Participant: 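Pasting a structure here, questions to come.
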Amino acid sequence: MIGPVDDRSSLARTLSDWRRMGLRIGLVPTMGNLHAGHFALLTQARGSADRVVASVFVNPTQFGAGEDYERYPRTLADDAAGLAAHGCDLLFAPSPAAIYPFGADAGSRVTVPALADVLCGAHRPGHFDGVATVVARLFALVRPDCAVFGEKDFQQLRIIERMNEDVGFGVAILRGTTVRDADGLALSSRNRYLNNAQRRTAARLHAVLSEVAGCWRGAEEGDAVLTAARDTLVAEGFALDYLEARCETDLSVASRTDRDPVRIFVAARLGGTRLIDNLRIR
Ligand code: PAF
């Protein structure tokens, strides 16, 4: 594996060699502290590309005031070893200047209206502008043929798909299935913030989503099901940001006339840790 490479020109040199050889390039953007969920994305990229670039960058523009930017786990040496073991060809761990040459606050921004204003966007103002901005910059620097994003962050995935289509990057966006622990908890770098008791409770998030999926009979009867699920989670100790059923394509609230697949989305806090998950229910 080449890297960690932290500047634009070293990255460009390797990429242009690969392009000259006619190789197809895949990208897996991450913020590091990698786990089996990330490595599954890498394996998926390997299946569709000749060379895979993974990026590790804790992106300041997607964290709000008071969020965990400072304490977000930074584990580059372990990440590099894991990536090498899972077939990564190049690790791009850019310096802040390689991503934001004019400074994180002074650079151009990408906004994806509508999709970014609901669900997590309503609770984390500016978060998805930061995500869209950094992914657009990574697309511009790497110019990948394909890139993989996990369904665990389904709203993020839809925003990136929309931006890619809208701006015309022409990247094939591949959706990675959520990887879960044996008790159903979706893998996340933030799970490490949970104490033992919280970790046990956290598994209820997926269990409750599965219960909703099991008894969902359509949006016309769905409100009662969603209310019961919210009450259950709150009774079990979660502070709920939202639990909602929305259409996959435009993230609009599920209604009785929808033909689109519907997903249930949840964001909830245990102590200071915010967890998100989602599940297709129809
Ligand atoms: O999902 C993440 O880890 C991040 O939001 C991403 C896509 C790498 C952008 O910083």
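Counting starts at 1 for both ligands and their atoms, in listed order. Remember, predicted model here, so these are calculated numbers, not experimental data.
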Participant: Considering only heavy atoms of Met31, which atoms of ligand 1 have at least one such atom less than 4.0 Å away?
Facilitator: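 Atoms satisfying the 4.0 Å criterion: 3 (O), 4 (C), 10 (O).
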Participant: By number and element, which atoms of ligand 1 are closer than 4.0 Å to a non-hydrogen atom of Thr30?
Facilitator: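 Ligand 1 atoms under the 4.0 Å threshold to Thr30: 8 (C).
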Participant: Any Lys/Arg nitrogen of Glu211 or Arg204 sitting under 4.0 Å from an Asp/Glu carboxylate oxygen of the other?
Facilitator: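 Answer for the salt bridge query: yes.
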Participant: Backbone N or O of Leu185 within a donor-acceptor pair of the His206 side chain at under 3.5 Å?
Facilitator: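 Answer holds: no.
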Participant: State the atoms of ligand 1, each with its element, that fall below the 4.0 Å cut-off from a heavy-atom position in Val134.
Facilitator: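 The list of qualifying atoms is 9 (C), 10 (O).
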Participant: Determine, considering heavy atoms only, which of Gln62, His38, His127 sits nearest to atom 6 (C) of ligand 1.
Facilitator: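 Going through Gln62, His38, His127 one by one, Gln62 has the nearest heavy atom to atom 6 (C) of ligand 1.
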Participant: For a quick check under 3.5 Å, do Thr14 and Asp17 share a side-chain donor-acceptor pair by atom type?
Facilitator: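 Looking only at side-chain atoms, Asp17 and Thr14 do not form any donor-acceptor pair under 3.5 Å.
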Participant: What atoms in ligand 1 come closer than 4.0 Å to a heavy atom of Pro29?
Facilitator: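 Answer, ordered by atom number: 8 (C).
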Participant: Look up atom SG in Cys146 and atom CZ in Arg24, then write down how far apart they are to the nearest 0.5 Å.
Facilitator: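 It comes to 5.0 Å.
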Participant: Looking at Asp145 and Val171, would you say the former's side chain and the latter's main chain have a donor-acceptor pair under 3.5 Å?
Facilitator: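 No, the answer is negative, given that no donor and acceptor are paired below the 3.5 Å cut-off.
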Participant: Is the closest N or O pair between Gln156 and ligand 1 shorter than 3.5 Å?
Facilitator: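 Yes; at least one N/O pair falls below 3.5 Å.
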Participant: Less than 4.0 Å between a side-chain N and a carboxylate O, is that true for Arg74 and Asp79?
Facilitator: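 Looking at Arg74 together with Asp79, the answer is no, because their closest N to O distance does not fall below 4.0 Å.
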Participant: Under 4.0 Å, heavy atoms only, figure out whether ligand 1 is touched by the backbone of Ile160, its side chain, both or neither.
Facilitator: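 No part of Ile160 is near ligand 1 at this cut-off.
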